[in-house]
Visitor: 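Quick one: structure below, then a few questions.
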Amino acid sequence: MSWASWTTPGVYSGRGGVLTEEVGVVTGDLTVHTTWVDGEASVTVQYTGAADWFTVSGSPAPCPSEAASRDLHDAVIAAVRGPTTATVPALPQTSPDVGG
């Protein structure tokens with residue numbers, strides 16, 4: 001079993017906040033947590049310093065590697081800080097290298 005996780009506190013949401021499965025939109029000073037296990041990334045948020053975690057809409061998401069899950073975590077942070085309501089963004093599709 002392969003796994004990794006990242007936690008980033010002090011992420012201030014943009015105007016749209018973050019859409020969660022449990023309580024709808026949350027806004028303000030948030031902590032973003034991503035856990036990757038065997039090809040799947042789960043993303044949660046909490047009010048920084050609080051006890052309860054909420055599942056970000058779109059989570060869990062297929063994620064092929066630990067490196068991709070770190071990129072996804074960074075993309076979620078950017079989405080949280082953005083002007084629209086944040087959800088887990090889709091990973092960009094990569095095409096296989098073509099020899100030449």
Side-chain angles (χ1 to χ4, degrees):
M1 176 166 85
S2 298
W3 71 275
S5 70
W6 294 272
T7 304
T8 304
V11 180
Y12 289 87
S13 69
R15 171 177 274 151
V18 180
L19 181 60
T20 70
E21 297 297 323
E22 295 85 1
V23 296
V25 175
V26 295
T27 60
D29 181 0
L30 304 172
T31 297
V32 178
H33 180 78
T34 302
T35 302
W36 175 77
V37 178
D38 292 334
E40 186 173 82
S42 297
V43 184
T44 56
V45 294
Q46 73 174 174
Y47 291 105
T48 297
D52 295 327
W53 288 93
F54 307 110
T55 305
V56 177
S57 182
S59 176
C63 192
S65 68
E66 180 178 336
S69 69
R70 178 58 197 206
D71 291 343
L72 180 65
H73 180 78
D74 291 343
V76 170
I77 290 170
V80 169
R81 291 178 174 149
T84 61
T85 304
T87 61
V88 174
L91 284 173
Q93 296 296 318
T94 57
S95 58
D97 291 338
V98 177

Visitor: With a 4.5 Å heavy-atom cut-off, do V25 and L19 have their side chains touching?
Guide: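 V25 vs L19: side chains touch.
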Visitor: Given 3.5 Å as the limit, does a donor-acceptor pair link the side chain of D38 with the main chain of S2, or not?
Guide: yes
Visitor: Hey, could you give me the OG1/CZ distance between T85 and R15, rounded to the nearest 0.5 Å?
Guide: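 Spacing of OG1 (T85) from CZ (R15) equals 11.0 Å.
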Visitor: For R70 and W6, work out which heavy atoms get closest and say how close.
Guide: NH1-CD1, 2.5 Å
Visitor: Look at the side-chain heavy atoms of Ile, Leu, Val, Met, Phe, Trp and Tyr, link any pair under 4.5 Å apart, and say whether V23 and V43 land in one connected group.
Guide: yes
Visitor: Check whether any side-chain heavy atom of P62 lies under 4.5 Å from a side-chain heavy atom of E40, and answer yes or no.
Guide: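 No; the side chains remain at least 4.5 Å from each other.
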Visitor: Would a hydrophobic clustering, with Ile, Leu, Val, Met, Phe, Trp and Tyr connected at side-chain separations under 4.5 Å, put I77 with V56?
Guide: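 Yes, because I77 and V56 connect within a single hydrophobic cluster, where side-chain heavy atoms sit under 4.5 Å apart.
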Visitor: side-chain hydrogen bond (donor to acceptor under 3.5 Å, both in side chains) with T31: which of T44, T7, T48, T8?
Guide: T48
Visitor: For the side chain to side chain contact (heavy atoms under 4.5 Å, CB included) test, which of S69, S5, S59, C63 pairs with S42?
Guide: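 When S69, S5, S59, C63 are each tested with S42, the side chain to side chain contact (heavy atoms under 4.5 Å, CB included) holds only for S59.
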Visitor: Do you see a donor-acceptor pair shorter than 3.5 Å between the side chains of H33 and T35?
Guide: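 The answer is yes; a qualifying pair exists.
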Visitor: First locate atom OG1 of T20, then atom CD of Q46, and finally report the distance between them rounded to the nearest 0.5 Å.
Guide: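 One finds 12.5 Å between OG1 of T20 and CD of Q46.
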Visitor: So which atom in V32 and which in H73 form the shortest heavy-atom distance, rounded to 0.1 Å?
Guide: O-CE1, 3.4 Å
Visitor: If every non-hydrogen atom of T27 is compared with every non-hydrogen atom of S13, which pair is closest and at what distance?
Guide: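 Smallest interatomic distance, heavy atoms only, reads CA-OG, 3.3 Å.
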Visitor: Any donor and acceptor pair, going by atom type alone, linking the side chain of E22 with main-chain N or O of T55 inside 3.5 Å?
Guide: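 At least one qualifying donor-acceptor pair exists.
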Visitor: For the pair F54 and Y47, name the ring-plane relationship: parallel under 30°, tilted 30 to 60°, perpendicular over 60°.
Guide: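 F54 and Y47: perpendicular rings.
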Visitor: Honestly curious: do V76 and V11 fall in one hydrophobic cluster under the side-chain, below-4.5 Å linking rule?
Guide: yes
